[in-house]
Amino acid sequence: MYRQLRQPGSSNREWAMNTPVNSGGNSGMRGLRGGKQRYSILSLARNALSHHENWQRAWRAPELKPAYDVVIVGAGGHGLATAYYLASRHGIRNIAVIDKGWLGGGNTGRNTTIIRSNYLWDESAAIYEHSMKLWEGLSQELNFNTMFSQRGVLTLAHSEHELREMTRRVEAIRLNGIDSDVLNPAQIKQTVPIIDTDPRLRYPVMGGFIQRRGGTARHDAVAWGYARAADDMGVDIIQNCAVTGFLIQDGVVKGVETEKGTVRAGKVACVVAGHAGVVADMAGFRLPITSRPLQALVSEPIKPILDVVIMSNAVHMYVSQSDKGEIVLGAGADAYNGYTQRGSLTVPEGMLAAAVELFPVFSRLQMLRSWGGIVDTCPDASPVISKTPVSNLYFNCGWGTGGFKATPGSGHVFADLIARDAPNKIAAPFTLDRFSGGYLIDEHGAAGVAH
Amino acid sequence: MLLIDCPWCGPRDDEEFHYGGEAHILRPRDAAALSDEAFADYLFMQQNPKGPHLERWSHNHGCRRWFNMLRNTATNEILEIYPMGEKPKTEAGQAAYAANWRRETAAEKNALSGEGS
Ligand SMILES: Cc1cc2nc3c(=O)[nH]c(=O)nc-3n(C[C@H](O)[C@H](O)[C@H](O)COP(=O)(O)OP(=O)(O)OC[C@H]3O[C@@H](n4cnc5c(N)ncnc54)[C@H](O)[C@@H]3O)c2cc1C
Ligand SMILES: [Zn+2]
């Protein structure tokens, strides 16, 4: 079973970008339709009069029911988005989203929030750009300010070779209809005045490329916005309730075991990121995934000095300034498997050394917090969105160091897979059987740095 | 951050070491006899436990020798270090070895076929 050999940005271009996947549905299907109070400038003013003490709860704290049409395991951004799109696009509302902790407390609440769609292969371009388009209307759709900010994502090249490779990637990206521009060091200096472009640096800035539609969003707000909108349509979000096993009969999933008892379900969808391997093990199959801590840190808030996102694969650093003024810095993943959710100190240490060289003003920054999240990485640095060896059990995982940007698109195509029991064109390349079929989507170049 | 007790050099910071992934993955002898799925078990699938994990390490920036290690991935506790080519000797190590799904795969059976003859 050969599939056509690929040239990035060429053969499948039409296929990738004109994929007839219905992302909108009719607009009447979108957003808040239940009884929830809408957020607006008027509601803000009204609530100010009562000292903001009468805001409605954003979501309920329901009891777990004995049965649902769909149980989603994992209330991170991807799980909540899946519930929202199942309810809003497919009319499936008898859903529970079950999390062992609090919603958005996994990698969704731990990431550095970089959003971009400048990947090499057509398959990746299709899913990340699908996501980007959903981001562009998300705050309005959810009636929740996700603080999506298209401030631009600038990736640096530190060697002649890296710059050439980057230029080639830019051509592939542009052929997929996605914006990207190569910049020379002078243009970079103009865009980012605090960067040191001295050619004598250990890692000199030789050039870079920018996706101007890229940027950041407020990670918590994304989880909260999806949670509120899903809850509004009747989805039960159950927090502090670990899933401990599956009910499987004759190869078909019938429900899950949880800390709060057994729940029967027509379909079960797992979106548990770093714990994908642990949960797959409960269901009796394996995944090509390793789990490792990935770390980030933030500084004290300072005045605005950086209005684009900067990434560097070579020194393994990515940095932006939050709207609060903190400098948000991401480091690399540990070199060995682990679930300790803190990671090795040497990793941020090495990253900070490089960051201070590129941005000398950072040398006097005081760091406030550092933390880790457990990232689930596939051998080809691409996700798994797939049916599994167990019928009616679906997995969405393997986003590794870079799945925040995909939250809307991932939830959208995963909901479609669950509703129809078949992947649409965007999801199809990301099935689990690519590891036996050999059609890997190698994105180590574009995903090379953890973001 | 780990303090790893190299069998030849003694306790050193993990920065000196290279992680070699899951231990005891045997290369199939007759790969052509395996289905694509069975070969993918060998090539791509991972034992990714939250708990005791058998793994390979090499003291890259020291004596450059390889060894096996049993480490709890939830706590980073190092439970056993033993030579390449050998099986774990502690109870926890033997349990981790036996519990690995790999022991039942066609790929591992293929790798072991003809052994002892
Ligand atoms: C430091 C760091 C920086 C990052 N930076 C970026 C970035 O800049 N840009 C980007 O695009 N991506 C980034 N990422 C990756 C991104 O955070 C993730 O890919 C994405 O958030 C995954 O979302 P999720 O909803 O799948 O997982 P999560 O948010 O981790 O949600 C999974 C949920 O499953 C729950 N769960 C696990 N096991 C069970 C169980 N047995 N029962 C019930 N619930 C369970 C967990 O509690 C968790 O809430 C970064 C990650 C980290 C750690
Ligand atoms: Zn040594």
Side-chain angles (χ1 to χ4, degrees), chain A residues 1-2 100 242 272-293 295 333-350 372 374-380 382 384 389 397-398 400 431-440 442, chain B residues 1-4 12-23 25 28 31 34-61 67-78 96 99-108:
Chain A
M1 51 139 242
Y2 276 106
K100 70 182 164 88
V272 293
H275 283 76
V278 174
V279 175
D281 201 46
M282 294 176 193
F285 61 91
R286 45 235 179 220
L287 294 171
I289 283 176
T290 52
S291 295
R292 295 183 180 180
Q295 298 178 73
D334 272 12
Y336 45 88
N337 290 17
Y339 289 84
T340 57
Q341 219 150 241
R342 52 175 187 259
S344 302
L345 194 60
T346 44
V347 177
E349 214 175 15
I374 305 303
V375 293
D376 44 332
T377 305
C378 272
D380 56 356
S382 287
V384 168
C397 57
T431 51
L432 205 43
D433 62 13
R434 75 176 185 268
F435 296 97
S436 46
Y439 197 81
L440 302 195
D442 187 356
Chain B
M1 229 180 316
L2 308 173
L3 187 64
I4 300 177
R12 299 291 182 92
D13 192 281
D14 72 15
E15 282 250 281
E16 293 185 16
F17 294 82
H18 169 76
Y19 176 68
E22 185 186 335
I25 302 178
L34 290 173
S35 68
D36 289 348
E37 288 72 24
F39 194 72
D41 279 343
Y42 157 70
L43 192 59
F44 291 121
M45 297 301 153
Q46 300 283 336
Q47 173 77 348
N48 189 21
K50 186 176 187 174
H53 186 226
L54 296 167
E55 53 200 25
R56 301 175 306 174
W57 287 81
S58 102
H59 192 189
N60 245 23
H61 300 289
F67 54 90
N68 288 317
M69 189 159 114
L70 174 68
R71 180 177 56 98
N72 185 329
T73 59
T75 62
N76 272 341
E77 188 184 0
I78 296 171
N100 191 328
W101 52 268
R102 215 176 275 287
R103 302 292 91 83
E104 300 306 317
T105 57
E108 181 154 319

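By convention in this document, chain letters (A, B, ...) are assigned in the order of the sequence lines, proteins followed by strands, and residues within each chain are numbered from 1.
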- Task: Could you look at A:L287 and say if it's the side chain, the backbone, both or neither that has a heavy atom under 4.5 Å from chain B?
- Result: backbone
- Query: Does atom CZ of A:R342 have more than 12 heavy-atom neighbours, drawn from other residues, nucleotides or ligands, at distances under 6.0 Å?
  - Reply: no
- Message: Rounded to the nearest 0.5 Å, what separates atom CE in B:M45 from atom OG in A:S436?
- Response: 7.0 Å
- Structural part of B:L2 lying under 4.5 Å from a heavy atom of chain A: both
- Can you say whether B:E15 sits under 4.5 Å from chain A via the side chain, the backbone, both, or neither, judging by heavy atoms? side chain
- B:S35 versus chain A, the contacting section by heavy-atom distance below 4.5 Å: neither
- How many angstroms lie between atom OG of A:S344 and atom CG of B:D13, to the nearest 0.5 angstrom? 8.5 Å
- Query: Just wondering, do A:Y336 and B:M69 contact through their side chains at under 4.5 Å, heavy atoms?
  - Reply: no
- Query: Rounded to the nearest 0.5 Å, how far apart are CG of A:D380 and CZ of B:F44?
  - Reply: 7.5 Å
- Is chain A contacted by the side chain of B:D41, its backbone, both, or neither, given a heavy-atom distance below 4.5 Å? side chain
- Task: Report the residue from A:D334, A:T346, A:V347 that forms a side-chain contact (heavy atoms from CB on, under 4.5 Å) with B:M1.
- Result: A:T346
- Item | Member of B:K50, B:H53, B:Q47 meeting the side-chain contact (heavy atoms from CB on, under 4.5 Å) criterion with A:N337 | B:H53
- List the atom of B:N48, the atom of A:I289, and the distance in Å for their closest heavy-atom pair. ND2-O, 3.1 Å
- Enter the distance from B:E77:CD to A:T340:OG1 here, rounded to the nearest 0.5 Å. 13.5 Å
- In this structure, CD of B:Q46 is separated from OG1 of A:T377 (nearest 0.5 Å) by 10.5 Å
